There are 2 protein chains.
Amino acid sequence: MTDERSAGPAVAGGAEEGRGAAEAVDGVLVALADPMRRRLLDLLAARGEATATMLAGGVPVSRQAVVKHLAVLEAAGLVSGGRVGREVRYAVRPAALDATARWMAALASDWDRRLATIKRLAEQAERDSR
Amino acid sequence: MTDERSAGPAVAGGAEEGRGAAEAVDGVLVALADPMRRRLLDLLAARGEATATMLAGGVPVSRQAVVKHLAVLEAAGLVSGGRVGREVRYAVRPAALDATARWMAALASDWDRRLATIKRLAEQAERDSR
DNA sequence: AATTGACGCAACCCCAGAGTTGCACATCGC
DNA sequence: GCGATGTGCAACTCTGGGGTTGCGTCAATT
């Protein structure tokens, strides 16, 4: 087994590199917005490694549809695929997902900060007018 | 200012309650997948509170388009709107975003766990065959 | 009361993308 | 070599959703 996928920090998928964090996040969000793609990710995470044909067996769509979904997922950095003989094995990549999770958490805390400021100002104004 | 939005844990938006975590996450992901909606969230977070008409002024689409986006965002629990006189003021709600961020982080760490297991098993098998 | 500004509803256009089918090409097992 | 299996490519269909326009309604201002 060529373990090019198991530990390398370099993006083997070759789909995302020189882009800003915003566009990387965009790709992940768009990819995750589709229920079928989330299901495929689930299957893939459960099996560790699988081909498009295998995955198509566990989902009510054609193999070609699965291939397209995998292409989107790979472009988003969520999975990576490599050829082994005549088949293409895909595996899950946690890094992109983790990065997006952190982005969202940071955004949420930013909103919290802003809301706290707004509230404080409002109370201040009320105190002044009283 | 009625601060029904600032601290209450109860979902004032009235759009999500009896659903499982999966569908709540789905709504948030679908909502965030659109760049225009993310921009509207940004504007809303920056202004603290705004109406659809105001937001339409800072974005290259019609007011009606903004209204539709706000409806999606509200259904996802990302914003909440309330009538004040003849206008409807919207504000950002960090809770749903934070919950989704945690869901993603948990999923990423789950993938990591599975990958670690796979890798361990592979090394074990290799050691045995040697 | 008349006017103005903000909202809601409904009908409509348009295209990206999810899914399909058919076929050609490569690879494994015999 | 030959059949069987798995991929890749391309053309095609069709639904969903983002966007628009038009109009009716309601509240604030004067």
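Bear in mind the structure is a predicted one, so any value in this text is a computation, not a measurement. For the numbers below, each heavy atom of this structure counts, side chains included, while hydrogens, waters and symmetry mates do not. In what follows, chains are A, B, ... by sequence order, proteins preceding strands, each numbered from 1.
Between A:Glu74 atom CD and D:dG8 atom P there is a gap of 10 Å when expressed in whole angstrom units.
Checked by atom type and distance alone, the side chain of B:Arg37 never pairs as donor or acceptor with a backbone atom of B:Leu32 at under 3.5 Å.
Of all the residues in residues 54-71 of chain A, A:Arg63, A:Gln64 reach under 4.0 Å from DNA chain D with at least one non-hydrogen atom. Near-neighbour residues of DNA chain C inside residues 31-41 of chain A, defined by a heavy atom below 4.0 Å, number-ordered: A:Asp34, A:Arg37.
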request  = Give the intermediate values and the outcome of side chain to side chain contact (heavy atoms under 4.5 Å, CB included) for residues B:Thr51 and B:Val88.
outcome  = CA-CA 6 Å; B:Thr51 69; B:Val88 178; 5.9 Å; no

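Residue B:Tyr90 holds its OH atom at 15.0 Å from CG of B:Leu43, rounded to the nearest 0.5 Å.
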Could you list the protein-to-nucleotides 24-30 of chain D atom pairs, N/O on both sides, closer than 3.5 Å?
none

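In terms of heavy-atom proximity, B:Leu29 sits nearest to A:Arg38 at CD1-NH1, 3.8 Å. Of all heavy-atom pairs spanning B:Ala96 and B:Gly77, the tightest one is CB-O, 3.5 Å. A pairwise comparison of heavy atoms in B:Leu73 and B:Ala31 identifies CD2-CB, 4.0 Å as the closest pair.
In the hydrophobic cluster analysis, where Ile, Leu, Val, Met, Phe, Trp and Tyr join through side-chain heavy atoms closer than 4.5 angstrom, B:Val59 is grouped together with B:Leu70.
Remark: B:Arg102 engages B:Asp98 in a salt bridge (Lys or Arg N to Asp or Glu O under 4.0 Å) (not counting sequence neighbours). Taking the salt bridge (Lys or Arg N to Asp or Glu O under 4.0 Å) definition, one finds that A:Asp42 meets it with nothing, sequence neighbours left out. Under the salt bridge (Lys or Arg N to Asp or Glu O under 4.0 Å) criterion, B:Arg114 pairs with B:Asp110, not counting sequence neighbours.
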